Amino acid sequence: MTYNFREIETKWQKYWEQNQTFKADQDSDKPKFYVLDMFPYPSGAGLHVGHPLGYIASDIYARYKRHKGYNVLHPQGYDSFGLPAEQYAIQTGQHPATTTAKNIDTYRRQLDQMGFSFDWSREVRTSSADYYKWTQWIFIQLFESWYDKSADKAMPITALVSLFSKNGNRDINAVCDADTPGFSSTQWAKFSEKEQQKILLKYRLAYLAEAEVNWCPKLGTVLANDEIVNGLSERGGYPVVRKKMTQWSMRISAYADRLLQGLENIDWTDSLKESQRNWIGKSVGALIRFDIVDHKSKIEVFTTRPDTIFGVSFMTLAPEHPLVKTITTETQKKAVEAYVLATTKRSERDRMSDVKTISGVFTGAHAVHPFTKAPIPIWIGDYVLAAYGTGAVMAVPCGDQRDHDFAKHFNISIPNIFKDVDISEAAFTEKSKTVISNSDFLDGLNFKAATKAAIDALVSLGQGERKINYRLRDAVFSRQRYWGEPFPVYYVDGLPKMIDIKHLPITLPEVEKYLPTEDGDPPLGRAEVWAWDTTKRAVVPNSKIDQTIVFPLELNTMPGWAGSSWYFNRYMDPQNTKEFASQKALNYWREVDLYIGGSEHATGHLLYARFWQKFLFDRGFLPVDEFAKKLINQGMILGTSAFAARIEGSNTFISEDLIDKQSVQYIHVDVSFVNASNEMDIAAFKAWRKDYGCAEFKTSNDGSFKVKREVEKMSKSKYNVVNPDAICETYGADALRLYEMFLGPLEQYKPWNTAGITGVFNFLKKLWKLYLNDSGLRITDNPPSKQALRILHKTIKKVTEDIESFSFNTAVSNFMIAVNELNAQKCNSRAVLEPFLVLIAPYAPHITEELWSQLGHKTSISSAEFPIFDPQYLIENSKNYPISFNGKMRFTLEMSLDFTREEIEKTVIENEKTIAQLEGRTPKKVIVVQGKIVNIVY
RNA sequence: GCGCACGUGGCGGAAUUGGUAGACGCGCUAGCUUGAGGGGCUAGUGGGAAUUAUUCCCGUGGAAGUUCGAGUCUUCUCGUGCGCACCA
């Protein structure tokens, strides 16, 4: 019998499906374990070999946990709203739902052929109305909530309203807009309904506000900060400009500190936590208010160095700062206006890339130093960002390099307030070595003491207070797109109203074209049926809008991260029509125990999801406030691109080994035309790229044409994509699974090289032969040899350690070693080979299922529990030959396998005795390598 | 600039967490076998030197340190990747 992987794999995939082997049962007395992958966006290109890496790892872990006796939830679904499907729809006119459904079919087929143990009965799709009904529901909850800083949690907005009517808002410690006015309970009662609603919007966690947003003209939509990379859109790489727009926002800033604190309690990688900490950007300092000479307003600045207050020699405002207009003196007006105009013209990207040029202008106005009362010139400079802090800084040129540069450039004085430090060339920024001088009551103090003293003094003057500032901004939640969740919102007299939960979902209307309309409105502006009838409580045609009964609906849709911010909770109870998930299901499954996905989501999905989780927890909808206990970032699998060299300015290609001094251009070549020796098939290349059909080729002496290789991200546009379908076809899913794991550590970035797969393929063939030969099963019920048992037990120990530490690569190596050793031992004992199969089952499920059934088992290996992973099993079964010995001394593994426990103990005791007698003292540690004492430590 | 991660053969990568560096696989070399579409088996494979039951020296980006002992710990330095970036 030969190893016919194709037959075996289809057979068992069908078996698992028919028997619902992987259906997770909520009513179980087993302990639960929730293993989750980041669900994919179903793109038109299908999967390449890099995509399933994380799914294979999580699948192995899920299968392992089932063998260990856990009730495992291992679901999968699709993040199916998003830009690419919409871009495709704009180009082709096809409905995004159609292309999305088609792509999902492809994904499903590709996933199925790899033998994943997903519980597909729990599949979710963010674009299905059954699902986004609950996304809309969560949005309404956010709208109906505010953040109470005293309780440090979100509260229902009704509670806020009753507080307002009791005491107004003066005693309320809430996270709200900066321009919220103060009012008393009587004032509140006198406000009109509209005025009250406007004020409440300043408190809601989902709120509508005019804000500076990142507008991408090319994509015709706004983008969140995490969707912009180096001033360009993440998708497409188009320029992004700042624009004032009225948009829905999420008050994630309210959760800044808890998002930071929460990182302490979850097992995520340091680099990922660091990314999130960076993104949240907490800095501790003070808010200081400076009076302005001959002016009523004050300038507020945020600083982390209030200790340097006596070093202030000027102030700098961001060009966009509102005070710029009012404080500028007549004589400086022209210069200031010209400067402000020049900076607004520069794009965000220009401003970011050009950080070395110092520019600024004097306003003519002066601020007043809070202690010395000396006048301080107020400048404008574009090194100050409007979006951070208060958009204004107190400049201390001796203590901040940027201020130092600015002062030098404009010849502003640089007073020195540091003891025994030379600041003529550069600012002195080392907080820990700071000793203040020339600073009145702060003289002689260090950073910490001076900071405290300065803030205390400012507080007593009423000119400042302690303040924590965050870089994290509220997240813009509106997108001018079609293919996203519609808002459950209609507008009465310009104010948003939520549609009652009873009437959800509000489903996407049909539109003719998916482009934004000519006047820049979102595509939903084209929908003919898109108005809310408040009596019928239904979506009706726009033509019926009368502003008394029928009102316009929100035209924007929600961003891509809306649906992905809570899907892990939906898997717990995916068919529920009454709630997003039942309390029973939520309390049983609680949180994700192991989450696997890419690190590119560090400041997007993973931050937003934590935010929503904490919010839903606050409002009592969830039992835990962190959704994923442990998270692993799988590294990317890179492609090995091939490049043909073309002599510049000609149509002649030259073999890589012939390039001497010619200047050449490199052109991507499809990797399928290139063999392992980097030789390209010229005919295939010509047929592929018709435009190079008549090109000349300078080949090597042996007639071959060599190409250059380089490792890059795997992508269609780089022609270096390896399709898993082809691998499954030639080597099978088990070989693909093993090889992806064998390639290297899960977290690491590593290049794909198909050639190496023969190694694991041979392993599978050897494994097969270990159980079956030409005449059939070669397993006997004879008792196993001691050596064979040792091999088994050693492998159990190693592989269990490997999987618990997610070292899947070394686990595969250990299987290979074991198969070779069992082969050498000519082992055919059932007592060894049955448990051995169990070890491999999570990694190569199809071949192990087949061999398991060949061994005469009637039930699936995948659904069975085994005691071999229990630490007690090894202790019981390897009594005669300790797998490891953790006594006073440590021995190499080889030694522990070569000697029995009695022998080892004897040696140790004898050696100790001898040494003690010889030296007259007792050794602390005796180092034994290969049975020989190499050193003694006292 | 700040932060995080990493640096081991021709390649992907191991190393019991401070104890024989290079496991396992690819590739390569030699021999056997002829399966004949991608083979199978055996042996060898870090570098160098003398010599073949082998032996010796060097070797984990570089320099120093701790230690009986360092790929592993500490400091400095060089290089690569990622994140943030005029963040006050």
Side-chain angles (χ1 to χ4, degrees), chain A residues 229-230 269-283 285-286 301-306 308 315-316 318 351-352 354-358 381-385 387-396 399-403 405-406 429 469-472 599-600 602-603 633 635-636 640 676-677 730-731 738-739 742-745 747-763 765 797-798 801-802 805 807 809-820 883-886 889-896 925 927-930 932 934-938:
Chain A
V229 180
N230 295 327
T269 61
D270 285 341
S271 69
L272 198 136
K273 286 184 181 181
E274 206 50 40
S275 283
Q276 293 212 344
R277 285 191 195 109
N278 248 328
W279 191 261
I280 295 167
K282 179 177 183 170
S283 43
V301 301
F302 173 73
T303 178
T304 53
R305 298 297 303 274
T308 63
M315 315 275 297
T316 317
R351 212 166 137 177
M352 275 168 66
D354 178 28
V355 297
K356 290 205 178 73
T357 323
I358 295 164
D382 70 356
Y383 79 96
V384 177
L385 302 175
Y388 184 79
T390 60
V393 300
M394 61 173 220
V396 183
D400 184 287
Q401 193 53 47
R402 291 154 304 168
D403 296 342
D405 295 341
F406 195 86
T429 54
N469 198 54
Y470 296 94
R471 201 188 77 97
L472 183 71
S599 57
E600 65 273 21
T603 52
N633 289 127
M636 208 178 280
T640 316
S677 326
T730 23
Y731 299 99
L738 285 170
Y739 188 52
F742 182 72
L743 226 42
E747 301 90 334
Q748 207 162 297
Y749 280 55
K750 49 209 173 266
W752 178 267
N753 172 20
T754 307
I757 201 170
T758 53
V760 292
F761 190 54
N762 283 339
F763 158 75
K765 287 195 281 193
K797 182 170 193 315
K798 283 186 168 182
E801 282 166 7
D802 289 338
S805 59
S807 306
N809 54 329
T810 49
V812 177
S813 293
N814 285 323
F815 292 140
M816 292 181 178
I817 295 167
V819 161
N820 288 339
I883 295 300
S884 67
F885 184 87
N886 292 319
M889 297 181 216
R890 295 165 60 193
F891 297 84
T892 61
L893 187 68
E894 286 88 333
M895 184 184 175
S896 67
K925 196 168 148 191
I927 293 117
V928 182
V929 175
Q930 272 204 331
K932 281 181 280 185
V934 294
N935 220 321
I936 305 149
V937 181
Y938 297 97

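All values reported here derive from a predicted model rather than from experimental measurement.
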Looking only at side-chain atoms of [X], point me to the closest of [options].
X	options	value
A:Y383	B:C86, B:C84, B:C4	B:C86
A:R402	B:A14, B:C26, B:C86	B:C86
A:L743	B:C4, B:C86, B:G12	B:G12
A:T810	B:A88, B:A14, B:G3	B:A14
A:D382	B:G25, B:C86, B:C84	B:C86
A:M816	B:G13, B:C24, B:A88	B:C24
A:S271	B:C4, B:G25, B:C86	B:C4
A:V384	B:A88, B:C86, B:A85	B:A88
A:Y731	B:G38, B:A14, B:G83	B:G38
A:I817	B:C86, B:A23, B:C26	B:A23

Gap in Å between the two [atom1] atoms, one belonging to [N] and one to [M], rounded:
N	M	atom1	value
B:A64	B:G10	P	24 Å
B:G37	B:U29	C1'	26 Å
B:C68	B:U20	C1'	16 Å
B:A14	B:U67	C1'	25 Å
B:G62	B:A70	C1'	16 Å
B:U33	B:A49	C1'	37 Å
B:G38	B:U51	C1'	42 Å
B:G3	B:A85	P	16 Å

Watson-Crick or G-U wobble partner for [N], using a 3.5 Å limit on both distances?
N	value
B:C6	B:G79
B:A23	none
B:A30	B:U42
B:A85	none
B:U60	none

Closest contact, heavy atoms only, A:Y749 versus A:S599: OH-OG, 4.2 Å
Distance in angstrom units between A:N762 CG and B:G40 P, rounded: 5 Å
Rounded distance in Å - CD (A:E747) to C1' (B:G13): 14 Å
N/O (side chain, A:Y749) to phosphate O (OP1/OP2, B:G81) under 4.0 Å: no
B:C84 phosphate, OP1 or OP2, under 4.0 Å from A:R277 side-chain N/O: no
B:U55 glycosidic torsion: syn (within 90° of 0) vs anti: anti
Exercise: do A:D405 and A:Q401 side chains pair donor with acceptor under 3.5 Å: yes
Sugar-phosphate, base or nothing in reach of A:N809, heavy atoms under 4.0 Å: sugar-phosphate
5' priority, RNA chain B, between A:S283 and A:S813 [closest heavy atom]: A:S813
Closest-nucleotide 5' rank along RNA chain B - winner of A:Y739 and A:D400: A:Y739
Carboxylate-amine/guanidinium contact A:E801 A:K798, below 4.0 Å: no
Side-chain touch A:Y383/A:V393, heavy atoms, less than 4.5 angstrom: yes
